[in-house]
Number of protein chains: 2
Amino acid sequence: MARPTNTRFAVAVHVLTLLAGTSEEVLSSELLAGSAGANPVHVRRVLGALRRAELVGSRPGAHGGWQLERAADTVTLGEVWRAVQGDDPLLGLHGAAPECTVGQRIQHALGDVDRRAARAVEEELARTTIYDLARDTRARELEPAPATAL
Amino acid sequence: MARPTNTRFAVAVHVLTLLAGTSEEVLSSELLAGSAGANPVHVRRVLGALRRAELVGSRPGAHGGWQLERAADTVTLGEVWRAVQGDDPLLGLHGAAPECTVGQRIQHALGDVDRRAARAVEEELARTTIYDLARDTRARELEPAPATAL
DNA sequence: CGATTCGTATGCATCGTGGTTACGGTTCGA
DNA sequence: TCGAACCGTAACCACGATGCATACGAATCG
């Protein structure tokens, strides 16, 4: 929740955008980590989750690396979120007193609320694709840096 | 992010529901903490945020305690979320390599995505009020415990 | 066979979270 | 007037999650 020092989603989006925008066949985790500001092991762990979701593929060995498994405009941020986040609760739960029936009811209701909120997030994130980000990034990259930058 | 061990929102909703459902004038933080499965200091910290949002009020001294400042059916969970969570990022950010313009663009885009997701959560949460929870809880409390209970 | 890169386990430092204790201020009632 | 009951907040501590560093094995290419 809430206040996540959790960078997995951001790293995943960052890496996927790079993979979508490159002309290379594959990119190494070390290169991706350098751009994302993380270390290669962390990037590989995140990419492992994305591979289980069949969003990316990897090739070991010399000249190995990572590549997109699907067209960038079919990969929504909602899928990325689900791949990285799973079914973890979004809002956070708590442990009410077990002897309090009221507390149990509230916990149940909060579970519903949490699921609805998680679905709302996924639907909102589904409105953006990796291609959208790669296109925007590339477009701005070609501009001569607007005077109103920052 | 989101794997929040953060219980503030849940505690806040729990406590507000209790305040909405009681016939007492005020409830002490010790009583609220007992029901919510937390300690009084934590509850007071959460209630402090809710008071700053003018959702609840407190009265010190003997026979003091907490009470709702507004009608329960006008307090949405979206307001509670905002009061407790503030503007903290929902999805989590990361620190891209500063020398990488692509990374900066992605971070900027992720900021937009995060704000949109946070707004989606608030709008979804705004569909439920404390009164809804208090009513459901009370209604079920009066039932003779359904046979399919767990 | 050696270099490169993935895959994963392990240990570690850091930080957020919540519990605990403590102390001061406020209100009520004896 | 004084003590009890509460709020308000600070300080410290323990626990768990997160991410980094290192290491080692497996796979692939030259």
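Here is the naming used below: chain letters follow the sequence lines, and residue numbers restart at 1 for every chain. For clarity, every value in this text was computed on a predicted model and none was experimentally measured.
Across the protein-nucleic acid pair, Trp66(B) atom CH2 and dC6(D) atom C1' stand 10 Å apart, rounded to whole Å. What separates NE2 of His94(B) from C1' of dG19(D) is a distance of 14 Å, to the nearest Å.
Two end axes, each from the C1' atoms of five base pairs, can be drawn for the helix from dC1(C)-dG30(D) to dA30(C)-dT1(D); they diverge by 0°, to 10 degrees.
Residue Ser58(A) places at least one side-chain N or O under 4.0 Å from the OP1 or OP2 atom of dG7(C). In this structure, Asn6(B) does not reach the dG16(C) phosphate: none of its side-chain N or O atoms is under 4.0 Å from OP1 or OP2.
Annotation: the span from Leu91(B) atom CG to Glu124(A) atom CD amounts to 10.0 Å, rounded to 0.5 Å. From Glu54(B), atom CD reaches atom CZ of Arg70(B) across 9.0 Å, with rounding to the nearest 0.5 Å. Note that the CD atom of Gln104(A) and the NE2 atom of His108(A) stand 11.0 Å from one another [nearest 0.5 Å]. Taking OG1 from Thr17(B) and CD1 from Ile130(B), the interatomic distance works out to 4.5 Å, rounded to the nearest 0.5 Å.
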Next item on the list: Just do the side chain to side chain contact (heavy atoms under 4.5 Å, CB included) check on Val75(A) and Val80(A) with the steps written out, would you?
Entry: CA-CA 8 Å; Val75(A) 179; Val80(A) 177; 4.1 Å; yes
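Thr74(B) contributes a side-chain N or O that, together with a main-chain N or O of Ala71(B), makes up a donor-acceptor pair within less than 3.5 Å. In this structure, the side chain of Asp136(B) does not engage the main chain of Leu133(B) through any donor-acceptor pair within 3.5 Å. Although no hydrogens or angles enter the test, the distance criterion places no donor-acceptor pair under 3.5 Å between the side chain of Thr7(B) and the main chain of Ala10(B). Using modelled atom types, one side-chain atom of Asp114(B) and one backbone atom of Leu90(B) make a donor-acceptor pair closer than 3.5 Å.
No salt bridge links Arg135(B) with Asp73(B); every basic N to acidic carboxylate O contact stays at or beyond 4.0 Å.
For the segment residues 10-32 of chain A, residues with any heavy atom less than 4.0 angstrom from an atom of DNA chain C are, sorted by number, Ser28(A), Ser29(A). Residues of residues 39-57 of chain A that place a heavy atom closer than 4.0 Å to DNA chain D, in numerical order, are Asn39(A), Val41(A), His42(A), Arg45(A).
For residues 27-52 of chain B, no pair satisfies salt bridge (Lys or Arg N to Asp or Glu O under 4.0 Å), with sequence neighbours left out.
For His94(B), the ring pair (Phe, Tyr, Trp, His ring centres under 6.0 Å) partners at least two apart in sequence or on another chain are His14(A).
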Next item on the list: Summarise how protein sits on nucleotides 23-30 of chain C as a single string, 5' to 3': B when a protein heavy atom is under 4.0 Å from the base, S for sugar-phosphate-only contact, - for no contact.
Entry: ---BBSS-
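In the displayed structure, Arg127(B) atom CZ is contacted under 6.0 Å by at most 12 heavy atoms of other residues, nucleotides or ligands.
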